[in-house]
Amino acid sequence: MSTGHYRNADRYTKSARMFKSACEVIPGGVNSTARATWSGWEPHPLFASHGEGAYLYDVDGNRYIDYLLGLGPMILGHRPPAVTQAVVDAITARGTVFALPTEPETALTHKLIAAVPSLEQVRLCNTGTEAVLYAVRLARAFTGRPKIIRFEGMYHGFSDGVYWSKHPPLSAAGTDRHPMAVPQGPGVPAALSEGLIILPWNDVEALKEALETHGGDIAAVLTEPVMCNTGCILPKPGYLEAMRELTQRHGVLLIFDEVITGFRLALGGAQAHYGVTPDLATFAKGVGGGFPLAVMGGRRDIMALVADGTVSIAGTYSANVIAVAAANATMDILATPGMYEKLYEVSDRLRLGLEKIFTDARIPTQVVGVGPVFQVWFSEKPIHNYRDAARHASHELFRIWWEGMLDRGVLFHPGAFENLFVSFAHTKEDVDQTLELARDVAKQIAQSR
Ligand SMILES: Cc1ncc(COP(=O)(O)O)c(C=O)c1O
């Protein structure tokens, strides 16, 4: 629940004015739900001016240490010089779209396959939504089975087939053990629920039961390896391994949606971090260095259906010259030895630092995440799935935390079910400054309770 106004509205007057003007011609004033007032940006989102490294500047001239990172893609920080240069070179020397293959696509694909355990062959596209849509289509085609298991609280893009049960009202979502499929809203065809089984995440028994009951009808289990779309929820020890074992036993494909975790938890994604290899996987935000490039790939025998045209994967802009140039430059940087060790050092300093601040201030929180992605849950109870979050996480305290940090020059998403992202551009100094400001805000939260 938001307060409906900014306490220090004077800091954001130009943003307020621009939002009013935008609302006249753009529904809701924004071009994505995640930027809308109803997603937390109440009474209006900030309007961005520009970014540089770990910092974002709004149109009112406020500077922020940026942990929003464009909701993930700015993993190298804003305007990383090598990526910018690669894109400028590509545009000036080559062009943008040819409807013909180019050699850098193959070069990029070799880098992706070398980095990620599950990738034997890869198709490139533009967004995570497309990548998941293609993976699900392919899984149905390969197995000849109609249903997909997906988990309550996850988000796999906005295509009709999977835009279900992200954050449904619990009153309309069935029982904890057997959730009902709830569409994101009107317009998503009700008949598509036939193709879905919705389960609670982190529950081996529920998965086992579903596979034993419906196994012959299930094409794939689609999951984020870390639930990053209901705040940040880690897999219980052994859960991903159990998923792998159970899906194999029932001839069901395991799809990891690594749109957030890919190239962020490790160069090889969450699958490398946890040592569990899916059959198919999708990637987007981490790989393009801020440009729209996504990846769908996996086992060669499954991808063979794409190779021979049985399953069609199209796209005018797929593997366009700009995105491929950006991703090639990004992959070269990410593959530099020692990068991820440094990233974890800086991120852990922030996550553990925040944990200590809230503990010292006696504010019941769970600071949950892995490496450069995490969330602060204002909850006395641990959060293991969407229903825990829906029942226990305080949105009111989160708003005080968020706005207190915003006013002090630290940016992240206002939604309690979103994440904080740390980039390779953040330094220990940025973290220490963030922690100092957080100490101040923790006092404010403690007083409000
Ligand atoms: C796990 C996951 N899958 C898919 C998507 C959709 O990606 P895109 O916004 O690039 O379409 C998102 C976006 O946040 C995501 O978090």
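Sequential numbering from 1 along the given sequence is applied to the chain's residues. Counting starts at 1 for both ligands and their atoms, following the listed order.
No salt bridge links Arg349 with Glu345; every basic N to acidic carboxylate O contact stays at or beyond 4.0 Å. Electrostatic pairing of Asp89 and Arg94 does not count as a salt bridge here, judged by no charged N lying under 4.0 Å from a carboxylate O. The pair Asp176-Arg387 meets the salt-bridge criterion, with a side-chain N (NZ, NE, NH1 or NH2) lying under 4.0 Å from an Asp/Glu carboxylate O.
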Check: every ligand 1 N/O to protein N/O pair under 3.5 Å:
{"unit_1": "ligand 1", "atom_1": "3 (N)", "unit_2": "Tyr155", "atom_2": "O", "d": "3.4"}
{"unit_1": "ligand 1", "atom_1": "3 (N)", "unit_2": "Asp257", "atom_2": "OD1", "d": "3.3"}
{"unit_1": "ligand 1", "atom_1": "3 (N)", "unit_2": "Asp257", "atom_2": "OD2", "d": "2.6"}
{"unit_1": "ligand 1", "atom_1": "10 (O)", "unit_2": "Gly128", "atom_2": "N", "d": "2.8"}
{"unit_1": "ligand 1", "atom_1": "11 (O)", "unit_2": "Gly128", "atom_2": "N", "d": "3.4"}
{"unit_1": "ligand 1", "atom_1": "11 (O)", "unit_2": "Thr129", "atom_2": "N", "d": "2.9"}
{"unit_1": "ligand 1", "atom_1": "11 (O)", "unit_2": "Thr129", "atom_2": "OG1", "d": "2.6"}
{"unit_1": "ligand 1", "atom_1": "14 (O)", "unit_2": "Lys285", "atom_2": "NZ", "d": "3.0"}
{"unit_1": "ligand 1", "atom_1": "16 (O)", "unit_2": "Asn229", "atom_2": "ND2", "d": "3.0"}

Atom pairs and distances, donor-acceptor, side-chain atoms in residues 230-239, under 3.5 Å, two or more places apart:
{"unit_1": "Thr230", "atom_1": "OG1", "unit_2": "Gly153", "atom_2": "O", "d": "2.7"}
{"unit_1": "Thr230", "atom_1": "OG1", "unit_2": "His167", "atom_2": "NE2", "d": "3.1"}
{"unit_1": "Tyr239", "atom_1": "OH", "unit_2": "Asn202", "atom_2": "N", "d": "3.2"}

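The 12-atom threshold is not exceeded at CZ of Phe158, counting heavy atoms of other residues, nucleotides or ligands nearer than 6.0 Å.
In terms of heavy-atom proximity, Tyr163 sits nearest to Gly157 at CD1-O, 3.7 Å.
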